Amino acid sequence: MPTKDDTILLPRTKTKPKLERPKLYKVILVNDDYTPREFVVMVLKAVFRMPEETSYRVMLTAHRMGTAVVVVCARDIAETKAKEAIDLAKEAGYPLMFTTEPED
C-alpha cells in the first residue's frame, strides 16, 4: 500500500519537434531580345519537362511581361534546373537567363 511519501511515476508523453516545411523557390525566366523563341521553348521542354503548349505559354509570358515563373520547387532543385538551363543556352551562344528566388 503506497504511503504519502511514495513517488508515482507517470509515463512521459513524447513531444515531436515541429518540422518546418522547407522554403520553396521560384525559377524565373528572364526575357532578352536575342534568344529565339523556339530555343526558349526547347530549353523549357528539355530542362523543365514542360509540354510544348505550356513551354510556349511561359515563353510568351516572359516576352510580354519581362519575366515568367517557370516552376516552384525545393531550393536545390530550383538552382540546379536554372543552372542547367543557363548552361544549355551558353553552349548555344545565347544570353538566356533564369533566376531563383524564395516564394513568398
Side-chain angles (χ1 to χ4, degrees):
M1 187 164 163
T3 66
K4 76 175 195 170
D5 294 331
D6 286 346
T7 303
I8 299 171
L9 295 175
L10 296 173
R12 189 178 281 186
T13 57
K14 289 184 181 176
T15 56
K16 287 185 180 177
K18 264 201 166 178
L19 294 175
E20 282 189 36
R21 294 188 98 167
K23 198 172 219 174
L24 294 175
Y25 277 70
K26 297 184 274 193
V27 176
I28 299 168
L29 165 62
V30 182
N31 185 53
D32 67 69
D33 295 331
Y34 303 101
T35 309
R37 292 177 174 196
E38 299 77 25
F39 183 81
V40 176
V41 169
M42 186 275 295
V43 169
L44 293 172
K45 285 167 55 180
V47 177
F48 298 95
R49 307 277 183 251
M50 284 186 169
E52 178 97 27
E53 194 178 300
T54 307
S55 300
Y56 192 78
R57 199 167 46 242
V58 169
M59 176 277 298
L60 269 185
T61 301
H63 180 70
R64 291 185 183 132
M65 310 298 282
T67 61
V69 175
V70 179
V71 70
V72 177
C73 53
R75 182 180 187 171
D76 56 339
I77 295 170
E79 289 175 351
T80 301
K81 292 282 187 190
K83 183 181 180 337
E84 202 178 313
I86 292 167
D87 289 349
L88 197 59
K90 274 185 189 166
E91 281 175 36
Y94 296 119
L96 186 61
M97 183 54 81
F98 289 83
T99 62
T100 59
E101 66 180 48
E103 190 183 37
D104 299 331

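Side-chain atoms are counted along with the backbone in the values below, which use heavy atoms only and exclude waters and symmetry mates. As the structure is a computational prediction, the values presented were derived from the model and not from experiment.
For the residue pair S55 and L44, the shortest heavy atom distance occurs at O-CD1, 3.3 Å. Summarising the geometry of P36 relative to Y94, their closest heavy-atom pair is CD-CE2, 3.2 Å, with the distance given to 0.1 Å. Here the closest heavy-atom approach between residue A78 and residue C73 is recorded as N-SG, 3.5 Å. Contact detail for L24 and A74: the closest heavy-atom pair is CD2-N, 4.0 Å.
Remark: K23 NZ to D104 CG distance equals 8.0 Å, nearest 0.5 Å. Atom CE in M59 sits 7.5 Å away from atom CD in E38 (nearest 0.5 Å). One finds the CG atom of L96 at 7.5 Å from the CD1 atom of I86 (value rounded to the nearest 0.5 Å). Once rounded to the nearest 0.5 Å, the distance linking OH of Y25 with CD of E101 reads 10.0 Å.
Residues L88 and I77 fall into different hydrophobic clusters, defined by Ile, Leu, Val, Met, Phe, Trp and Tyr side chains chained together at heavy-atom separations under 4.5 Å. Hydrophobic clustering (side-chain heavy atoms under 4.5 Å, transitive across Ile, Leu, Val, Met, Phe, Trp, Tyr) keeps V47 apart from V69. V40 and I28 sit in two unconnected hydrophobic clusters of ILVMFWY residues. Membership requires side-chain heavy atoms under 4.5 Å apart, directly or through other members. M50 and M97 fall within the same hydrophobic cluster, where Ile, Leu, Val, Met, Phe, Trp and Tyr residues are linked whenever their side-chain heavy atoms come under 4.5 Å apart, directly or through other members. Under a hydrophobic-cluster definition in which Ile, Leu, Val, Met, Phe, Trp and Tyr are linked whenever side-chain heavy atoms come within less than 4.5 Å, directly or via other members, V72 and V70 are assigned to different clusters.
Side-chain contact between F48 and V27 is present, with at least one heavy-atom pair separated by less than 4.5 Å. R37 places a side-chain heavy atom less than 4.5 Å from the side chain of L60. Counting heavy atoms from C-beta outward, V41 and E52 have side chains that approach closer than 4.5 Å.
Salt bridge absent: K83 and E79 never bring a charged side-chain N and a carboxylate O closer than 4.0 Å.
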